[in-house]
2 protein chains.
Amino acid sequence: MLNYTTSEENYIKAIYRLQSADGMVTTNELAAEIQAKPASITDMMKKLKAKKLLNYQPYQGFRLNAEGFKVALMIVRRHRLWEFFLAEKLKFTWDEVHEVAEELEHVSNKKLIDKLDEYLGFPRKDPHGDPIPDANGKIEISKKICLSELPLNTIAVVASVGDQSSEILELLEHKKIAIGTKLEVKKKFEFDNSIEIKINRHPILTISEQLAKNIFVNYGE
Amino acid sequence: MLNYTTSEENYIKAIYRLQSADGMVTTNELAAEIQAKPASITDMMKKLKAKKLLNYQPYQGFRLNAEGFKVALMIVRRHRLWEFFLAEKLKFTWDEVHEVAEELEHVSNKKLIDKLDEYLGFPRKDPHGDPIPDANGKIEISKKICLSELPLNTIAVVASVGDQSSEILELLEHKKIAIGTKLEVKKKFEFDNSIEIKINRHPILTISEQLAKNIFVNYGE
DNA sequence: TTATTTTTTTAGCTTTGTCTAAATTTATTT
DNA sequence: AAATAAATTTAGACAAAGCTAAAAAAATAA
Ligand SMILES: [Mn+2]
Ligand SMILES: [Mn+2]
Ligand SMILES: [Mn+2]
Ligand SMILES: [Mn+2]
């Protein structure tokens with residue numbers, strides 16, 4: 001496995017994130033994800049195709065091939081191990097780990113990462129509940145869905161928030177819900193689609209339909 | 001304190017390393033240190049002068065100014081803290097830590113470094129015996145001398161090694177000399193400048209001039 | 001099926017950091 | 001003091017990674 005630049009790695013990881021089971025990723029999709037102009041995407045897709053990391057034909061979109069997928073999993077592994085380290089050992093809070101891991105993930109010394117993994121006790125999930133690929137690139141399947149679709153009595157981890165307004169953040173803060181919070185849905189009411197959730201050692205909370213649709217969780221073993 | 005690119009930081013650190021109490025650093029010196037061509041040095045010196053990190057007049061050499069020195073100390077702090085982390089927590093041997101720290105040092109999130117420092121218990125020396133600047137840039141003055149200058153029958157502690165090639169490390173391993181090893185010089189021979197040293201409970205060892213010049217020790221206090 | 005809109009690509013420009021080769025300045029020898 | 005050598009800077013080139021604006025292709029609407 002060769003070494004790639006920070007830019008190449010950020011593109012590879014973003015394609016990995018966007019590419020679902022079948023479909024192609026489009027230029028505009030990736031441009032939005034990476035916060036760059038479509039012309040820059042086309043440039044990089046040519047480069048990554050030349051490096052045999054993806055399939056790409058002009059105007060037809062692109063997908064990582066087997067090699068590109070393997071590379072992506074190693075970047076994801078580094079990112080999530082560092083996130084775990086920051087939260088577990090350095091006591092960073094949920095909103096701080098991602099940004100720092102976004103930089104640390106590009107230090108790609110294999111021994112460093114494998115020893116870090118060992119030091120951390122081979123954690124299987126990062127602080128957002130996302131699975132950490134092992135040294136061979138093996139990764140648990142876990143599903144990310146919105147809170148209103150979470151089955152009853154299933155422990156899940158808050159992974160992200162759809163709306164980013166200060167209003168929703170104020171409400172989440174008030175209810176003590178944050179990225180990484182473990183919860184389960186105890187009741188669902190059909191009248192207004194509100195739900196009741198339980199967080200360890202806290203009283204039952206009521207969540208409105210609007211709020212539930214903006215909270216995304218990871219679950220599944 | 002602004003952020004600097006990886007390249008700028010490597011140049012700043014190299015100048016810090018070369019610049020002694022008084023004299024100027026020359027273009028060729030820095031070119032050799034950084035393994036780049038003299039023309040590249042001149043380019044970067046113009047850039048760092050424009051950023052007000054050093055004094056530089058064409059053909060007259062250069063020196064970090066107060067601000068550049070402060071920046072250098074923070075890079076050195078990051079480098080040595082990561083080296084300590086790698087040796088202490090991830091069980092890297094002391095000859096493996098430098099290369100990895102050379103990359104990690106460029107992740108310049110202040111909170112990351114200060115929390116890492118705290119997590120490590122505010123270590124004062126890196127695995128090579130070099131002092132680690134604190135969060136304010138304060139650094140112990142180490143009175144290091146090389147083994148060939150150590151007076152006879154004076155107990156000293158190995159603090160660092162000049163050359164860090166695998167060849168010298170192999171030799172040091174063979175002779176059971178490591179950071180922290182206590183020793184004293186028992187004899188000096190003028191013919192080839194070789195010396196004989198004594199390490200507690202070990203037979204007398206012969207050290208060549210080349211080797212002695214690359215072993216630095218702390219003594220007295 | 002044509003026309004219009006959207007998406008994507010191409011062409012050309014910018015910045016950063018590197019290089020080689022030539023010019024210039026400083027230092028050292030006759 | 002010249003002449004020569006060494007050190008340093010300048011000039012011009014290149015690759016990476018981004019951008020804007022224009023052209024081309026694909027998708028959608030009329
Ligand atoms: Mn990143
Ligand atoms: Mn994560
Ligand atoms: Mn470095
Ligand atoms: Mn060191």
(request) Could you tell me whether the phosphate oxygens of C:dT18, OP1 or OP2, come under 4.0 Å of any side-chain nitrogen or oxygen in B:Tyr11? (result) yes
(message) Against the six-membered ring of B:Tyr119, is B:Lys89 placed for a cation-pi contact (under 6.0 Å from the centre, within 45° of the normal)?
(response) yes
(message) Less than 6.0 angstrom from the centroid, inside 45 degrees of the normal: does B:Lys111 satisfy that with respect to the ring of A:Phe92?
(response) yes
(message) Using whole Å, what does the distance between atom P of nucleotide D:dG18 and atom CD1 of A:Ile41 come to?
(response) 8 Å
(request) Would you mind telling me which of C:dC19, D:dT9, D:dA26 lies closest to the side-chain atoms of B:Lys37? (result) C:dC19
(request) Rounded off to whole Å, could you give me the NZ-to-C1' distance for the A:Lys49 and C:dT9 pair? (result) 14 Å
(request) Grab the OH-C1' distance between B:Tyr56 and D:dT8 for me, whole Å please. (result) 8 Å
(message) What is the distance, to the nearest angstrom, from the CD atom on A:Gln35 to the C1' atom on D:dC19?
(response) 15 Å
(message) Could you check, using the six-membered ring where one of them is a Trp, whether A:Tyr11 and A:Phe62 have ring centers closer than 6.0 angstrom?
(response) no
(message) What's the closest nucleotide to the side chain of B:Lys46 if the choices are D:dT10, C:dT8, C:dT26?
(response) D:dT10
(request) Ignoring the backbone of A:Ala39, work out which of D:dT9, C:dT8, D:dT20 is nearest its side chain. (result) D:dT20
(message) Between P on D:dC19 and CE on A:Met44, what's the gap in Å once rounded to a whole number?
(response) 11 Å
(request) Grab the CE-P distance between A:Met45 and C:dT10 for me, whole Å please. (result) 14 Å
(request) Assign B:Ser7 to base, sugar-phosphate, or nothing according to its heavy-atom contacts below 4.0 angstrom with the strands shown. (result) sugar-phosphate
(message) So which atom in B:Gln19 and which in B:Leu64 form the shortest heavy-atom distance, rounded to 0.1 Å?
(response) OE1-N, 2.8 Å
(message) Please tell me if A:Asn28 has a side-chain N or O lying less than 4.0 Å from either OP1 or OP2 of C:dT8.
(response) yes
(message) In whole Å, I'd like the distance from the CE atom of A:Met24 to the P atom of D:dA27.
(response) 13 Å
(request) Could you check how far CG of B:Asp43 sits from C1' of D:dT9, rounded to whole Å? (result) 9 Å
(message) Applying a 4.0 Å non-hydrogen cut-off, can you work out what B:Pro58 is touching in the nucleic acid: base, sugar-phosphate, or nothing?
(response) sugar-phosphate
(request) Select base, sugar-phosphate, or nothing to describe what A:Ala36 touches, counting heavy atoms under 4.0 Å on all strands. (result) sugar-phosphate
(request) Verify the contact: side-chain N or O of B:Ser40 to OP1 or OP2 of C:dC19, cut-off strictly under 4.0 Å; return yes or no. (result) yes
(message) Between the side chains of A:Glu149 and A:Lys188, is the shortest nitrogen-to-carboxylate-oxygen separation below 4.0 Å, so that they form an ion pair?
(response) no
(request) Using a heavy-atom cut-off of under 4.0 Å over every strand shown, decide if A:Thr42 touches base, sugar-phosphate, or nothing. (result) base
